[in-house]
Amino acid sequence: MSEKRKTKEYTEVSEAQIAVHWKEEEYFRPAKKFIEQANARDPDIRKRFAIENFPDCFREYADLLTWSEPYKKVLDTGKPPFWKWFVGGKLNACYNCVDRHLGQYRNKAAFIFVAEPEEEPPLALTYQELYVRVSEMAALLRDFCGLKAGDRVTLHLPMTPELPITMLACARLGVIHSQVFAGFSGQACGARIQDSGSHVLISMDAYWRAGKLLDHKVNADIAVQTAEEMNQHVDKVLIWQRFAGKYSSPTPMVQGRDFFVNDVLKKYRDQRVEPVPMDAEAPLFLMYTSGSTGKPKGCQHRTGGYLAYVAGTSKYIQDIHPTDTYWCMADIGWITGHSYIVYGPLAIAATSVMYEGVPTHPDAGRPWRIAERLDVNIFHTSPTAIRALRRAGPEEPSKYHYHFKHMTTVGEPIEPEAWRWYYNEVGKREAVIVDTWWQTENGGFLCSTLPALDPMKPGSAGPPVPGIYPVIYDEDGKEVTAGSGQAGNMCIRNPWPGIMQTIWGDPERFVNGYYKRYCKNPNSKDWRDWPYMAGDGAMQSADGYFRILGRIDDVINVAGHRLGTKEIENACLTVADVAEAAVVPVTDEIKGRMPEIYVALKPGHEGTPDTINRIIKANEEIIGRFARPKHVYVVPDMPKTRSGKIMRRVLASISNRRDVGDVTTLANPAVVEDIRKMVQGKDAVVSGEAVPEDIAKFGQND
Ligand code: PRX
């Protein structure tokens with residue numbers, strides 16, 4: 001990147017030179033009552049996971065699991081950066097999450113499902129019942145679909161118990177599941193079916209969202225058609241019914257291709273399927289995420305290392321005990337749900353709440369009523385949800401008699417003010433908060449305070465979690481020191497068991513995207529030469545706490561969901577009138593960031609409200625409703641360099657009411673003022689506030 005940067009036609013500031021100023025926040029200390037019961041209350045945990053003990057320290061996490069064959073080596077670095085963990089070991093993820101708990105916890109709830117309509121009573125699924133249902137579904141997948149270990153299956157399921165049942169049934173057979181967030185469109189799902197090479201799609205007829213029973217089956221048809229157009233044939237579409245025995249979608253079933261799971265399952269009633277012992281390195285699942293190019297990346301997670309890592313972090317960072325009632329309000333369609341609703345909590349015999357719908361439905365008191373009714377004591381959500389709940393009902397939490405001992409925030413930087421509301425109002429000053437920083441690629445938490453051992457600091461993710469050794473590098477690979485007030489690129493020095501194995505079908509992209517930039521010696525087999533680059537800007541204060549500043553690449557984090565700018569631009573270009581499209585992130589009070597779209601039309605076309613609607617619709621159809629832009633601007637021309645590159649950084653400055661800087665070297669400097677007036681009005685509205693780093697740096701690599 002630094003070489004590329006030298007060719008820039010504008011003066012630029014290197015990342016390390018951007019000194020970020022913010023007020024050092026005061027510490028908050030965990031309550032005595034919390035400390036006394038915590039899983040990690042012995043400060044020796046840091047010594048056990050000291051770098052001198054790496055990689056053997058991670059045996060402690062592997063020991064949380066039941067292995068059908070013990071591993072022979074903790075870490076194999078033979079083919080960097082394709083690390084292998086717990087080499088030679090065999091285990092089954094489903095067995096570890098379900099079967100092995102039956103002795104002690106047979107009749108304890110594994111999941112408590114809360115439907116969106118408030119009149120539907122919560123539904124508890126015991127470990128025994130989960131075992132039976134998973135086993136029947138595994139029989140169906142094996143015998144009706146012919147699936148076996150190593151095959152991929154795409155799931156496009158909403159937040160109902162059928163989702164973890166299907167995932168665990170796959171894991172029982174060693175089938176690699178690829179769950180696509182239900183809010184993704186049929187087309188987005190189809191592209192992921194094609195990339196993963198799935199022949200089976202598992203979906204649901206309908207689900208509740210914001211008071212509406214949405215037709216979801218229609219997306220399955222679009223997904224299959226999209227995959228077929230990309231030369232991937234889907235043999236079978238399995239449709240779960242949101243209300244078993246009743247079809248809730250107006251979209252017809254396709255004879256010979258579509259099957260109701262509930263009907264087919266009758267054949268497999270009470271069948272027991274033995275869990276298949278899998279190699280520790282066998283892929284467990286794929287989780288697609290956005291990158292800076294248009295094509296989503298299938299992050300491939302391994303069985304042994306991943307499960308050990310999420311079990312360990314669920315125990316020590318989430319502080320889950322089998323007697324707790326734990327609620328992570330994320331969607332299982334994202335990595336947070338895979339790691340911290342399904343695999344991590346179940347591996348340590350948790351009782352985990354699943355909520356189908358929108359947190360503010362029918363009002364902002366809903367989460368607190370659920371917490372009160374189910375006596376939830378661990379709560380896990382995102383800054384976007386915290387902001388939305390705070391705006392809609394700042395006093396709501398105080399009306400309900402629940403008590404959290406522990407709360408998590410994840411997915412985006414949280415403003416200290418929102419953090420304090422979470423602490424004071426939601427947590428009632430009793431709950432400890434962990435701000436957990438990590439990514440889809442990482443499997444589990446990378447930075448967070450240890451809840452009983454470290455003080456909390458609003459807005460800071462905190463120190464690294466045990467066994468993780470981060471480093472911040474500047475543009476030239478020099479370490480940025482703690483307390484220097486400088487920002488740089490957040491990296492991790494060492495491998496860890498939760499890191500993905502590779503990008504499905506694209507190992508080169510894996511190496512180039514995460515390791516190439518700071519690799520010290522491409523021929524080395526020493527992990528010390530292969531730091532992992534996260535793609536986030538960060539700084540470390542003198543106390544060692546990390547503050548994550550946002551993405552440094554062309555990824556926009558919308559409400560904690562990653563969207564690639566290229567994905568959005570490609571969607572815009574499917575609208576026939578659009579000649580060029582550029583997407584920039586804009587700050588949003590609730591969602592953190594939102595995409596804002598600039599388009600230039602082909603000659604002879606005029607920007608009408610209809611054009612704008614078609615652009616919005618294209619994004620909803622190709623990506624999903626959550627990709628809806630904040631604004632679409634039709635501009636006379638894009639600001640461009642003399643070599644013809646669109647200057648996204650100029651557009652980002654305009655959208656965010658920042659000074660556009662020196663634009664005189666552009667090929668068409670005059671257009672900048674035209675666009676500025678269109679967006680900001682006649683008078684310049686330049687904010688004096690410090691520029692968020694992801695926005696300050698956005699588009700600098702164009
Ligand atoms: O920019 C960071 C931000 O979310 C990105 C990862 O997004 P995703 O892969 O979708 O995973 C989200 C849930 C693990 C990161 O690169 N991010 C995540 N957690 C935090 C965060 N930013 C600040 N603070 C966090 N706690």
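In listed order, ligands and their atoms are each counted from 1. Basis for what follows: all heavy atoms, side chains included, without hydrogens, waters or symmetry-related copies.
When each of Val180, Thr154, Ile176 is paired with Ser196, the side chain to side chain contact (heavy atoms under 4.5 Å, CB included) condition holds for Thr154 and for no other. For the pairing with Glu589, the salt bridge (Lys or Arg N to Asp or Glu O under 4.0 Å) check across Arg387, Arg390, Arg391 returns one residue only, Arg391.
Regarding atom 13 (C) of ligand 1, its nearest protein heavy-atom neighbour is Thr336 OG1, 3.5 Å. What sits closest to atom 5 (C) of ligand 1 on the protein, heavy atoms only, is Asn557 ND2, 3.9 Å. Nearest to atom 11 (O) of ligand 1 among the protein's heavy atoms is Thr440 N, 3.6 Å. The protein heavy-atom contact nearest to atom 24 (N) of ligand 1 is Glu412 O, 3.3 Å. Considering only non-hydrogen protein atoms, atom 14 (C) of ligand 1 sits nearest to Trp438 CE2, 3.2 Å.
Ser339 and Tyr309 share no side-chain donor-acceptor pair at under 3.5 Å. Using modelled atom types and a 3.5 Å distance limit, the side chains of Gln179 and His338 yield no donor-acceptor pair. Looking at Lys630 and Ser655, their side chains never bring a donor and an acceptor atom within 3.5 Å of each other.
Of the polar atoms of Asp536, at least one N or O is found under 3.5 Å from an N or O of ligand 1, judged by distance alone.
In this comparison of Arg562, His561, Glu441, Arg547, the heavy atom closest to atom 6 (C) of ligand 1 sits on Arg562. In the candidate list Ala538, Gly411, Gly459, Gly411 is nearest to atom 20 (C) of ligand 1, counting heavy atoms.
Ligand 1 has at least one atom lying under 4.0 Å from a heavy atom of Pro413.
Counting heavy-atom neighbours within 6.0 Å of Lys428 NZ, excluding the residue itself, gives a total above 12.
Listed by atom number, the atoms of ligand 1 under 4.0 Å from Ile548 heavy atoms are 22 (N), 23 (C). Atom numbering of ligand 1 starts at 1 in the shown order; those under 4.0 Å from a heavy atom of Asp435 are 24 (N), 25 (C), 26 (N).
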Take Glu441 and Tyr514 through the test side-chain hydrogen bond (donor to acceptor under 3.5 Å, both in side chains) and record every step on the way to the result.
CA-CA 10 Å; Glu441 293 87 338; Tyr514 304 96; 2.7 Å; yes
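Using the six-membered ring where Trp is involved, Tyr207 and His216 have ring planes that are perpendicular, over 60° apart on the 30 and 60° scheme.
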